[in-house]
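The block underneath contains the structure these notes are about, expressed in structure tokens.
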Amino acid sequence: MSPEMLELLWDALLETLLMVGVSSVLSALAGLPLGVLLHVTGRGQILENAPLNRVLGAVVNAGRSVPFIILLVAIIPFTRLVVGTSLGTAAAIVPLTVGAVPYVARLAEAALREVDHGLVEAAQSMGASPRQIVWKVLVPEAMPGLVAAFTITVVTLVGYSAMAGAVGGGGLGDLGIRYGYQRFQPDVMLAVVVVLVVLVQGLQSAGDRLAMRLDRRRVRQRQR
Amino acid sequence: MIAVRGIEKSFHRTPVLKGVDLAVPKGEVVVIVGPSGSGKSTLLRCVNFLERPDAGRVTVGDLSVDARRATRAEVLRIRRSTAMVFQQYNLFRNRTALGNVMEGLVQVRRLPEPEARRRAEEVLAKVGLSDRLGHYPSQLSGGQQQRVGIARALAMDPQVILFDEPTSALDPELVGEVLAVMKGLAREGMTMVVVTHEMSFAREVASKVAFMDDGRIVEEGTPAEVFERTREERTRQFLQRVRR
Ligand SMILES: Nc1ncnc2c1ncn2[C@@H]1O[C@H](COP(=O)(O)OP(=O)(O)OP(=O)(O)O)[C@@H](O)[C@H]1O
Ligand SMILES: [Mg+2]
């Protein structure tokens with residue numbers, strides 16, 4: 001592969017990392033609180049609120065039922081409003097974030113639901129407030145699950161970001177389509193696939209390792 | 001002293017507590033026995049509002065509230081002057097023994113960390129776990145975990161500790177060490193309400209035994225009164241069953 005090609009590949013990788021990195025952080029910032037709210041307003045939970053829970057659940061489900069490729073196009077007006085253009089890497093971050101928020105919310109909710117309700121009751125019995133229970137019990141106890149959920153989100157966003165290339169977002173997916181497919185350069189296609197595979201493997205195993213490190217439930221060796 | 005009066009509680013229109021009165025003078029140990037489903041856990045959980053009673057009064061120390069109307073602040077005050085020990089220990093899995101005990105002191109009691117640590121070490125020593133401070137629950141036996149649970153309750157300096165079958169999840173050979181810790185607390189004058197099937201503990205430690213059946217306290221008195229001079233037929237039948 002030519003040096004020019006390598007440079008293109010490098011730039012595409014950086015674009016992908018930028019898109020995925022920024023939209024991961026933004027979707028976590030919006031999705032985690034939403035997931036917490038979904039959980040604590042659920043039945044039998046500390047801030048049980050059936051109407052609010054139903055509304056939130058419906059919104060999240062609606063968000064998840066829109067295929068990403070449709071969302072990408074459908075929210076172009078909103079994207080323009082936010083970043084002033086619907087083309088380019090910055091513009092791709094908007095649909096990526098909007099698309100990922102409902103996933104993060106549901107995955108976070110699922111991780112929080114794994115926390116033994118007995119722990120919540122233990123905190124309640126000490127007189128902890130709902131805020132303390134969220135921050136000192138639910139979130140720390142669910143942390144391994146939350147990290148796993150976030151890892152899934154990041155990996156999914158790598159895939160989505162390739163689609164975002166279709167609206168001029170740039171990145172590895174865009175490079176693969178333009179050179180590998182349209183100009184028929186199989187070596188570029190192969191290089192793109194290899195970089196994507198390595199990237200996803202790296203992200204997943206980093207996430208797994210972190211989740212494992214945080215998970216004290218697995219510690220088994222008894223020291224006596 | 002703590003007391004409940006006229007406590008009623010239904011789940012899905014099925015009455016589970018049908019007007020329960022119980023008084024626990026300071027420094028005394030009340031043991032509640034009774035068949036499964038009679039409402040023992042629900043009664044304990046009504047005292048600290050893990051379940052909100054449908055009717056009745058709850059009194060803890062100088063705070064007395066109409067259970068149905070208790071405000072959020074009153075519920076928190078009651079919870080902060082009571083403590084609970086659970087059948088399943090309910091320890092924070094990602095915190096050490098020391099961390100489990102410190103958490104409530106730092107978060108709820110707002111103690112500065114060094115002071116919380118000192119207090120946590122003190123109560124963990126009391127339950128015989130000075131050499132397990134840095135262990136996570138998964139590194140401790142059931143009996144040790146439950147002793148951490150007791151230390152956590154004790155650390156908050158409550159007016160009463162509510163025990164809900166603290167030894168029922170333990171292997172038989174581990175029951176003794178937990179009961180021994182509880183006996184120690186009783187001797188030191190801790191006010192305790194204990195739901196248990198350990199009749200020998202009741203006999204030895206209780207100032208008063210209350211027998212519950214079908215949402216009511218059917219009979220109460222000293223261990224000798226309830227166990228030896230049983231008045232109620234239902235109590236007699238139950239005692240025969242657990243003695244076998
Ligand atoms: N949250 C709840 N929702 C519905 N029903 C409940 C709930 N908690 C308890 N019950 C019911 O109330 C009744 C009394 O339950 P409780 O747990 O107080 O009994 P218990 O005397 O503690 O029994 P055990 O010895 O088995 O622990 C049972 O029939 C139980 O099924
Ligand atoms: Mg029970």
Side-chain angles (χ1 to χ4, degrees), chain A residues 36 40-50 108 111-150 208-224, chain B residues 11 41 44-45 47-51 60 72-96 99-110 131-132 134-141 144 148-149 152-153 155-158 161-162 164 169:
Chain A
V36 168
V40 297
T41 57
R43 243 193 94 189
Q45 301 302 332
I46 50 174
L47 294 173
E48 181 171 343
N49 183 333
L112 293 165
R113 204 182 303 132
E114 289 299 305
V115 176
D116 182 357
H117 193 65
L119 301 182
V120 173
E121 293 198 333
Q124 281 180 308
S125 76
M126 292 180 209
S129 65
R131 179 200 301 258
Q132 288 170 327
I133 291 173
V134 166
W135 287 111
K136 300 298 169 180
V137 180
L138 287 174
V139 169
E141 288 289 324
M143 196 48 92
L146 290 174
V147 169
F150 187 64
D208 287 347
R209 265 209 305 279
L210 183 59
M212 190 85 87
R213 273 251 312 272
L214 292 169
D215 194 352
R216 292 302 180 162
R217 285 169 300 193
R218 273 187 234 282
V219 180
R220 269 278 150 241
Q221 72 281 14
R222 287 232 176 113
Q223 296 151 6
R224 284 183 174 267
Chain B
F11 290 112
S41 297
L44 283 193
R45 294 163 58 82
V47 172
N48 64 5
F49 286 80
L50 284 184
E51 306 286 357
V60 176
R72 242 179 63 98
E74 286 170 334
V75 168
L76 283 190
R77 264 185 69 196
I78 286 189
R79 286 178 177 168
R80 286 173 191 179
S81 49
T82 60
M84 191 170 234
V85 173
F86 300 85
Q87 181 175 349
Q88 300 296 339
Y89 334 131
N90 295 355
L91 299 182
F92 303 120
R93 314 301 297 171
N94 289 321
R95 291 207 173 85
T96 61
N100 265 280
V101 179
M102 281 178 65
E103 191 62 18
L105 294 171
V106 173
Q107 297 304 329
V108 179
R109 277 300 175 83
R110 306 256 171 230
D131 54 345
R132 294 287 185 281
H135 285 53
Y136 287 91
S138 57
Q139 297 169 308
L140 296 170
S141 73
Q144 291 169 334
V148 175
R152 180 173 68 177
M156 305 297 277
D157 198 19
I161 304 183
L162 312 166
D164 191 2

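Residue numbers begin at 1 in each chain, while the letters A, B, ... track the order of the sequences.
- Residues B/Gln88 and A/Asp116 form no side-chain contact, since every pair of their non-hydrogen atoms from C-beta on lies 4.5 Å or further apart.
- The main-chain N or O of B/Arg95 is found under 3.5 Å from a side-chain atom of B/Asn100 such that the two form a donor-acceptor pair.
- Closest approach of B/Arg80 to A/Met126, counting heavy atoms only: CG-O, 3.5 Å.
- Heavy-atom distances place the side chain of B/Arg152, and not its backbone, under 4.5 Å from chain A.
- Considering only heavy-atom pairs separated by less than 4.5 Å from chain A, the leading option among B/Leu91, B/Thr82, B/Val75, B/Ile78 is B/Leu91.
- Here the side chain of A/Glu48 pairs a donor or acceptor atom with the backbone of A/Gly44 at under 3.5 angstrom.
- Heavy atoms of B/Arg45 lying under 4.5 Å from chain A belong exclusively to its side chain.
- Here the side chains of B/Arg77 and B/Glu74 are not in contact, with every heavy-atom distance at 4.5 Å or above.
- Contact annotation for B/Phe92: both backbone and side-chain heavy atoms come within less than 4.5 Å of a heavy atom of chain A.
- For B/Gln107, the parts lying under 4.5 angstrom from a heavy atom of chain A are both the backbone and the side chain.
- Proximity of B/Met156 to A/Ser125: side-chain heavy atoms (C-beta onward) are nowhere separated by under 4.5 Å.
- The two residues A/Ala128 and B/Leu76 make their nearest non-hydrogen contact at O-CD2, 4.1 Å.
- Proximity to chain B among residues 132-139 of chain A is limited to A/Gln132, A/Lys136, A/Val137, judged by heavy-atom separations below 4.5 angstrom.
- Between B/Asn94 and A/Asp215, some side-chain heavy-atom pair lies under the 4.5 Å cut-off.
- Within the structure, the salt bridge (charged side-chain N to carboxylate O under 4.0 Å, His left out) test picks out no pair touching residues 125-134 of chain A (sequence neighbours left out).
- Of the two parts of B/Leu162, neither the backbone nor the side chain holds a non-hydrogen atom closer than 4.5 Å to a non-hydrogen atom of chain A.
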